[in-house]
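Here is the structure we will look at, set down as structure tokens.
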Amino acid sequence: MRSLFSRLCLLAAMLSGLPHAWALDPAVSLFDYHHDTWRRQDGAPVSITAMAQTSDGWLWIGTEQGLYRFDGLRFERYRSPTGQLLLSPRISALTATAGGDLLVGHINGGVNLIRQGEIVPLPAWSAAQVDTVYDLIADNDGSVWICTRSGLIHYAKGAWQTINASWGLPRQTVQEGTLDQYGQVWVRLSNEWYKLDREARRFHPTGHAGEDNAFYAPDGAMWRRKGQLIVRVPNGQPGPVQPREESRRYRIAQAHHLFDADGNLWLFGPPNGIARIRKQDLPHSDSFDPSQLPAERIAQGWQLSNPRVTGMLEDREGNLWAMTPSGLERFRNQRIRTIALPDNVTVPTLAADGQGRIWVGGVNLDQLWDVAGAAAPALREGERRLAVAGRDGAILSASARGIEIRRDGRLTTLPMPPACPGARSEQVNRLMQDRDALWASLRDCGLFRYRDGAWRGAASLGIAPQERVMTAAPDGAMWFGHRNGSLQHYQDGRLTDYAPAAAASLGALQLIDAQAEVVISGAEGTAVLRHGRFERLRAADPDVLNNLAGLVILPNGDRWLHTGLGLAHVRAADWNASVGDPRRPLRMELLDAADGYPGAPMLVAPVANGALDDSGKLWFASTEGIGVLDTTRMYRNPLPPALQITALSVDNRPYAPTPGLLLPQKPMRLDIGFAALSLTMPERMQVWYKLEGVDRDWQLAGTRRGASYSHLGPGSYRFTVKAANADGVWNEQGATLRFAIQPSFTQTAWFYLLCAGAALAAAYGLYLMRMRQLVRRLNAVLAARLLERERIARALHDSLLQSVQALVLRFSAVSQRLPADSAARAQLDALLAEADGVIVEGRNAVMGLRLASVHGGDLATAFTRLVERMQAEHRLAIALQVRGVRRRLDPLAWEEVYHIGAEALLNACRHASASRVLLALDYGAQELTLTVSDNGKGLADEVLRQGGKDGHWGLVGMRERAAALNGVLTLTPAVPRGLQVTARIPAGRAYDRDSRPGWGRRLRGWWQRRRG
């Protein structure tokens, strides 16, 4: 078997080159971390005994009821894709290897190896006797050291070996083992630690008794617990200490203590809960008592799923996980931390002075609170403190004594406006200071201006007294906003009104900001002053720009908008782009409750809600306290999410999602499961998928981790998943699964060809049926024509010709009475001879009308009579040849073919100057062929090319008769001289319906012609 860890060194180098995720910030209180808890009701497993994270991003959880894995959103009980079973559902130990495999130890004994989601059989397992597994050590050479109740077992290259006295190790229970960064194997038996000498293949006692629970600091030092103390263990290696392997943080959970990536020490049980000692509070010594050091502790039942914590693990993204018998805990950095207000203090407001110190006001505060540098002041009922930034770093407030201006440690107090009888501090709603005056708005009294030692009502300046919001611009001007959406601009005694139409669509105004551009915001959106008019800003989520509570501009030009949905970060370039073109949506990054935003913005007092201190921290007031965001430390996760195709099923039948999978035909439903693995805010990930050939565009999965398709057709498919973590870091490679669906017979090309053939056959059958209908109609018409012709022929023969013959006989009688040598008799005899010719021609015409009936439809007999008559009339040698089985012709075809032959024979006798003529009639299975050839003078080449002579219609009529029967007439020179006329008529048009040859005979005839 291939080594389990043959690529350890390479992978360690790769891991060390990965971008470093944020560890938990030691400057932040333990209570300011974002803490999530999953219990049974949240889908979490219970009775957790072990944890490990594999390099693909899965968090594996071992319990006494089975093995689970977690992607940050859902817990999934492990099931082998091929149906293999673990040795036991009772898990005691988990260890991830550098190669990405997972080693699973069982309480009931035995070890499983899971590689790429599948259980890998271990050779010679039946020969191994592995008792209850307490710990697993993945060695650098690919072997595994198994700490069991009955001793140490070594598995290497398919062989199992019990480590006994020949290795220098007593056959006792091995409770614990570890592999340090130097490749040294350490194991603990009872109260003693042993270290492996690889060259001698022996374990030697180290003399460190009474120590347990080995764990490593980031600098590589091994520490153990010894009673109440934590002691450093010498590594026994010369030279400087090598740092801890990064992957050690997540490949196995620590049993009692843990150093996180920043060097903070985490302690858990006994007695209960979790404690953290910050790195800066740890002594620089080889041993210390953690109980004597300052620590923050979470130990209450309402704070954890269970106060008894049994293990901790720091994942590769820097999140800290704790396991308890009742569930799972996660601690991660959150960007916003919260400072609680003193009890009974409400409606907080805040502002930054010229030194960057943050001052907080609120209801019931006796004084402004220097929140970063002093304890909260005393409370006073009925007091209302506003904290507003004035000019030149001043802080404005109001008290029972009057309006207070705090600047550079000096406090100046101005009296309340005398025009407002009984004015008190709680009546002051808004304060603002322009270049040379102070403005105060008092409930029920209106707006006043203080200048040159006196208060003056704003109404005397033309300013509407009931303003809603106001702000001072850097140029000394004042802006006032009113409930109806109108605005007023006041500077140097000049007042400019902005009609309500300019901003009425924003609703009642909540904010005016004039630090750079003039920005106004109301219940229905936000607008910016541009070219003398206010134009609305747009965003992908329109609600984010409703009722802005504050706007803070960083030194680099970035904006932080205090919105109703949280804090929105807008980069300077994006802000300028949208202000320059308001039709362009404003791009932003929104921080909400998942980032620690407390409650909702404080909108009761319409003053600017947001301030920046001297260290780059953003402060704001909310319904649940004071929020603080360090804009210089955003805890961005640089690790892209790992992607996997985890499952595939067709009609609820599972298949292993392997490349090139061939799925059964006609699936009703196809389900594909996938995983996007980022354990830091997985709910914020962007996960997209696409099935090529089905999905036109990428589909957003949201928090779903699966896709379903129905009634997919046969063919090859490619399913692709791509994702970005919560900070927009994309997995560029993605995950892809190629599969194919087999076609059923009705989906193959053969089936379509058969259908096309059947359709053609049906169309041909309909065509034949239609042709037969037309032929029957034509035959009926022809029969009627023939009957009419016979009637006409009988009438001509029985009446007209007989009458003419009678007249000829009478004229002949008259002629006999005239003298034989008279001129009259000679003329009369000549006329009688012409009359005989007319009678003959008339008789011939009558015979032509009745030829078909005379000869009974037998074309050969008719041509025989014609040849005999032509021989007698023209004294030529005319031969007749008949080939094939004689068939009865269709009446119409009989007439047309007969006239073609008669015309061709007459032309040969009259015009060809031939001495021999041949008429051949061939009754073929495919066609009827009529050939007339002579040895006469033939036709000129020009006539052959043109197919006839101008003014002569014999050949034209013959062609028309042949075309009427879907046939063809050809003229070719005869050999050695003469002319050959050939007419070919298809059997379907030539023969009577009952005389047509069958398909078999037609095919044989066609084949014979092909061979000939």
Side-chain angles (χ1 to χ4, degrees), residues 21 24 30-54 56-79 89-91 94 96 102 249-250 252-255 258 260 266 268-269 272-274 276 297-334 592-596 637 641-642 646 673 675-685 687 701-706 725-726:
L24 295 184
L30 174 61
F31 304 101
D32 284 326
Y33 293 141
H34 191 97
H35 178 199
D36 295 292
T37 298
W38 289 270
R39 298 178 174 86
R40 183 190 293 273
Q41 57 265 36
D42 304 310
V46 296
S47 301
I48 301 175
T49 57
M51 282 192 303
Q53 186 183 31
T54 46
D56 58 9
W58 283 108
L59 181 66
W60 294 86
I61 303 170
T63 75
E64 293 190 7
Q65 288 82 37
L67 179 64
Y68 294 79
R69 61 183 184 179
F70 186 46
D71 65 356
L73 293 174
R74 296 172 183 82
F75 295 90
E76 172 187 327
R77 189 183 181 102
Y78 170 73
R79 290 179 175 82
R90 303 185 67 194
I91 310 300
L94 295 175
L102 182 70
R249 294 187 294 113
Y250 57 84
I252 183 171
Q254 302 302 313
L258 175 144
D260 65 21
W266 295 76
F268 50 99
N272 279 325
I274 298 173
R276 185 195 71 159
R297 179 179 293 275
I298 295 177
Q300 302 302 316
W302 56 269
Q303 294 175 311
L304 299 166
S305 59
N306 191 309
R308 188 163 63 89
V309 178
T310 57
M312 297 189 77
L313 175 147
E314 186 179 20
D315 67 25
R316 60 184 191 150
E317 298 169 58
N319 306 302
L320 203 75
W321 299 82
M323 59 188 189
T324 76
S326 303
L328 192 65
E329 316 287 329
R330 180 184 64 184
F331 297 88
R332 63 170 174 83
N333 286 309
Q334 62 181 9
D592 55 17
D595 299 283
N637 181 7
T646 58
L677 300 167
S678 178
L679 300 181
T680 303
M681 291 193 286
E683 66 279 3
R684 284 265 196 93
M685 294 174 60
V687 183
T703 57
R704 292 183 295 111
R705 295 298 181 262
N725 68 14

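Numbering of residues begins at 1 and proceeds along the displayed sequence.
Put simply, CG on L30 and CG on D32 are 9.0 Å apart, with the number rounded to the nearest 0.5 Å. Taken to the nearest 0.5 Å, the CG atom of N333 stands 12.0 Å off from the CD atom of E317.
The backbone N or O of I91 sits nowhere less than 3.5 Å from a side-chain atom of E64 that would complete a donor-acceptor pair. With hydrogens and angles ignored, the 3.5 Å screen pairs a side-chain donor or acceptor of R704 with a backbone N or O of G706. Judged by distance alone, with hydrogens and angles left aside, the side-chain atoms of T37 form no donor-acceptor pair with the main-chain N or O of E329 at under 3.5 Å. With R79 contributing its side chain and E76 its backbone, the two residues share no donor-acceptor pair below 3.5 Å. Between the side chain of R330 and the backbone N or O of L679, at least one donor-acceptor pair lies under 3.5 Å.
Considering all non-hydrogen atoms of both residues, S678 and M685 come closest at CB-SD, 3.7 Å. Nearest heavy atoms, V46 versus S326: CG1-O, 3.8 Å.
In this structure the side chain of L67 never reaches within 4.5 angstrom of the side chain of I61, judged on heavy atoms. R77 places none of its side-chain heavy atoms less than 4.5 Å from the side chain of T63. By the 4.5 Å heavy-atom criterion applied to side chains, L304 and V309 are counted as neighbours. Using a 4.5 Å heavy-atom threshold, the side chains of S305 and T324 count as touching.
In this structure, the ring of Y68 has its center no less than 6.0 angstrom from the ring center of F75. In this structure, the ring of W60 has its center no less than 6.0 angstrom from the ring center of F70.
For the side chain to side chain contact (heavy atoms under 4.5 Å, CB included) criterion with F331, the lone passing option out of D36, D260, I274, N319 is I274.
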Begin with the C-alpha distance, continue with both residues' side-chain angles, and end with the deciding distance and a verdict on side-chain hydrogen bond (donor to acceptor under 3.5 Å, both in side chains) for R276 and Y33.
-> CA-CA 12 Å; R276 185 195 71 159; Y33 293 141; 2.2 Å; yes
Please step through side-chain hydrogen bond (donor to acceptor under 3.5 Å, both in side chains) for the pair T703 and E683, ending with a clear verdict.
-> CA-CA 6 Å; T703 57; E683 66 279 3; over 6 Å; no
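Salt bridge absent: R332 and D595 never bring a charged side-chain N and a carboxylate O closer than 4.0 Å.
Side-chain contact check for D315 and W321: at least one donor-acceptor pair (N or O, by modelled atom type) lies under 3.5 Å.
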